[in-house]
Amino acid sequence: MNRKDLIPPLGGRAPLLRMRNVEKTFGGQVTALKDLSLAINQGDFVSLLGPSGCGKSTALRLIAGLMQPTSGSIDWQDGRGEGDLGVVFQEPTLMPWARVKDNVWLPYRLRGKSYSSVKDEVIEALRLVGLEKFQNAFPRELSGGMKMRVSIARAMVTKPRLILMDEPFAALDEITRHKLNRDLLSLREKIGCTVIFVTHSVFESVFLSDRIVVMAARPGRVIAELEVDAAYPRDDSFRTTESYASHARRASEALHDAMGEAA
Ligand code: ADP
Ligand code: MG
């Protein structure tokens, strides 16, 4: 069978990857993820929304190839190339002894590229997150929000097709979080990447995504998928619209069901 025939395009967007009936168990006892099937298309902004322990991080680690599913499959439509993936975790995970620009250089350094050969890319990534003036600073000199921006710059410096974000803003105050939410959307407009974003915040998932996958725990599984059919670009005025409120209500209800089932 031709690889291209495996994955039909959905919603007019070219497919990027597909997970089929993915299951992950740990030690043969904990079913972290059960029967997860998910199609991700290029340009999607998909949120995985659910309570703690429902397998969100497990799903991201499987997509990142950091571990293998117990059963089921994960296929990249055109294969996965070097630099196709950027990952942002809840903790910025910066090297404290290295300057901001050297932290952002890391994904290239790991691939054997000298700083001077990728300097333009590094500075451009820092410019896109608004931190070019801080390229020579050390992480300890930055606020929590700025550290997270560096972490985002590092994830996108290689212009990956897919960025995975695991509760990146959960540790930030609400004002900083809203600002980073806005900036993340405008960043995505500029670089046109696909994002899979893990959160347990209904409001964050509605503001950011065009699709919300609601998950429940024990065993970790998908219980609902919602479309957020509000156009981009979105700014803070979206948070006061009836469309935002009704999507948040639907997502809350689905999440409430998820929590109820998990209890
Ligand atoms: P979430 O990110 O939604 O909070 P996780 O994917 O971290 O959920 O975890 C899902 C379930 O799998 C939880 O019950 C968790 O304790 C379990 N789990 C995750 N990673 C491991 C591991 N490496 N070993 C054993 N159990 C794990
Ligand atoms: Mg997690």
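Source: prediction; values computed, not measured. As the structure lists them, so they are numbered: ligands from 1, and atoms in each ligand from 1.
Checking R149, R177, K190 one by one against D183, the salt bridge (Lys or Arg N to Asp or Glu O under 4.0 Å) holds for a single residue, R149.
Residue contacts with ligand 1 include S52, since one or more of its heavy atoms lies under 4.0 Å from the ligand. Taking 4.0 Å as the cut-off, G53 counts as a neighbour of ligand 1 on heavy-atom distance.
For ligand 1, one of its N or O atoms has an N or O atom of C54 under 3.5 Å away. On a distance-only criterion, G55 and ligand 1 share at least one N/O pair closer than 3.5 Å.
The nearest heavy-atom contact from the protein to atom 27 (C) of ligand 1 is F26 CD1, 3.3 Å. Nearest protein heavy-atom neighbour of atom 7 (O) of ligand 1: S57 CB, 3.8 Å. Closest to atom 5 (P) of ligand 1, if we only count protein heavy atoms, is T58 OG1, 3.7 Å. Of the protein's non-hydrogen atoms, V30 CG1, 3.9 Å is the one closest to atom 14 (O) of ligand 1.
Distance alone, capped at 3.5 Å, places no donor-acceptor pair between the K147 side chain and the L94 backbone. When atom types are taken as modelled, the side chain of R221 and the backbone of P219 share a donor-acceptor pair closer than 3.5 angstrom. A donor-acceptor pair is defined here as one N or O able to donate and one able to accept, closer than 3.5 Å; such a pair exists between the side chain of R188 and the backbone of G43.
Residue H200 does not touch ligand 1, judged by heavy-atom distances below 4.0 Å.
Residue side and main chain included, S57 places an N/O/S atom under 2.8 Å of the Mg ion (ligand 2).
Proximity to R61 (heavy-atom distance under 4.0 Å) selects the following atoms of ligand 1: 20 (N).
Note that the CG atom of L185 and the CZ atom of F207 stand 5.5 Å from one another [nearest 0.5 Å].
With hydrogens and angles left out, the side-chain atoms of S47 and S205 include no donor and acceptor closer than 3.5 Å.
Note on L142: it does not cluster hydrophobically with M95, by side-chain heavy-atom contacts below 4.5 Å among ILVMFWY residues. Residues V30 and M67 fall within the same hydrophobic cluster, defined by Ile, Leu, Val, Met, Phe, Trp and Tyr side chains chained together at heavy-atom separations under 4.5 Å. Using a 4.5 Å cut-off between side-chain heavy atoms of Ile, Leu, Val, Met, Phe, Trp and Tyr, with links allowed through other members, V88 and L106 fall into different hydrophobic clusters.
In this structure, atom 11 (C) of ligand 1 has protein heavy atoms in its sub-4.0 angstrom surroundings. Under the 4.0 Å distance rule, the nearest protein heavy atom to atom 16 (O) of ligand 1 falls outside the cut-off.
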